[in-house]
Amino acid sequence: MEGASTVVSGFLAKLWALVDDSSTDDVIGWSRNGQSFSILDEQKFAKELLPKYFKHNNLSSFVRQLNMYGFHKVVAVDSGVAAPEKTMTIEFQHSFFKQGEPNLLENIKRKVQSPCFHGHILW
Amino acid sequence: MEGASTVVSGFLAKLWALVDDSSTDDVIGWSRNGQSFSILDEQKFAKELLPKYFKHNNLSSFVRQLNMYGFHKVVAVDSGVAAPEKTMTIEFQHSFFKQGEPNLLENIKRKVQSPCFHGHILW
Amino acid sequence: MEGASTVVSGFLAKLWALVDDSSTDDVIGWSRNGQSFSILDEQKFAKELLPKYFKHNNLSSFVRQLNMYGFHKVVAVDSGVAAPEKTMTIEFQHSFFKQGEPNLLENIKRKVQSPCFHGHILW
DNA sequence: TACGTTCTAGAATATTCGATG
DNA sequence: TCATCGAATATTCTAGAACGT
């Protein structure tokens, strides 16, 4: 029995598996002492890794899901003009997504699509 | 402990890193006992340092941001003598930008884009 | 006499140059008899071509601009079969963006930031 | 209903250029 | 002259909306 299991929704379970799999640490893995995760090779991640877990190979769809679940991008201080040879990494964080603590995952909730009204009248 | 972190906007975090980095003190650094900062080598600053942090290499764009965040230029008292060969240094100051006190940074707010009306009614 | 010149905004001029440059037709170029344009190699386009024209290398920023200028994605009719090795191309279209007619570009207007009020009163 | 994927838009900051006092 | 500001576009991060399962 490993970390994220049955109770967690599909996306979160796959995200955890993706990040926690040490065999793909050159593409995506934990960072900042396990407090966030980083995509190190954006292109390889989108085209090779994503389709193994999801029905697409678009980074934008992956990011849309991250935002739906309350993750936030971590901005790098030294991100100026794209240094030609510098590997631009993408980093995301969620207060309940931490290395070694899959039990926290159940606190992460997907945002609900805002209905027209929450009160008496509902279209 | 790393100075400017999450809550602060991109510009302020980068500005702090730029000024506080002692390895570039010949170009930009703290001045007046840490109450302001000075650009000592304008050319090197604009063309070499700026693009490492921002998506441009123009001093004017950097100054525009400083003004947006409420910084003010410190006018050189400048002995009346016109020293033609004097190294022109540029100095800026903000009451919440002080050496050793990165915690003050969160008090610095970016000016909002001019509101809808400039006349009588103003929201 | 060259295609997109002074009157057109920066993005449109660069977009035209990007699409109309036949030396990069393996990455981006005209399609559908010049009625739209296609990105054939997404990764090469983002990381190699974009930074030569813009201050970034993100496809998402490029797409945001396209939408700001009223371009629409052309959805692939795409035979239902999921061809694993098929080169996914990205296609966009605008009624005033046509091969051989740079004079139409001046009709393309950037969307303005949403005004203060959307209801009854609108200035 | 809830979730997933896609296309487009909102909102805040960033960059540029020119105006203002 | 010069420090600051207004305004337009550009870039980034997140969200809305439509559709499908």
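Every chain is numbered from 1 and lettered A, B, ... according to where its sequence line falls, protein lines coming before strand lines.
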- Query: What's the closest nucleotide to the Lys55(B) side chain, out of dC5(E), dT12(E), dT4(E)?
  - Reply: dT12(E)
- Given dT5(D), dT12(E), dC3(D), the nucleotide with the shortest approach to the side chain of Tyr69(A): dC3(D)
- Item | Short side-chain N/O contact to dC13(E) OP1/OP2 from His72(A), under 4.0 Å | no
- What nucleotide, of dA10(E), dT6(D), dT4(E), holds the atom closest to the side chain of His56(A)? dT6(D)
- Considering just the side-chain nitrogens and oxygens of Ser9(C), establish if one lies under 4.0 Å of OP1 or OP2 belonging to dT9(E). no
- Could you please name the option among dT4(E), dT8(D), dA15(E) that lies closest to any side-chain atom of Phe92(C)? dT8(D)
- Item | Closest to side chain of Phe11(B), choosing from dA14(D), dT9(E), dT15(D) | dA14(D)
- Item | Nearest-nucleotide pick for Lys111(A), side chain only, options being dT14(E), dT6(D), dT4(E) | dT14(E)
- Task: Fit a plane to each ring of Phe54(C) and His56(C), take the angle between them on a 0 to 90° scale, and name the class: parallel (under 30°), tilted (30 to 60°) or perpendicular (over 60°).
- Result: parallel
- Can you find a side chain N or O atom of Asn58(A) that sits less than 4.0 Å from OP1 or OP2 on dT5(D)? no
- Which of the following nucleotides, dT14(E), dG10(D), dA3(E), is nearest to the side chain of Arg64(C)? dG10(D)
- Message: Taking the ring of Phe62(B) and the ring of Phe45(B), is the distance between their centroids below 6.0 Å?
- Response: yes
- Does a side-chain N-to-carboxylate-O contact under 4.0 Å join Lys44(C) and Asp26(C)? yes
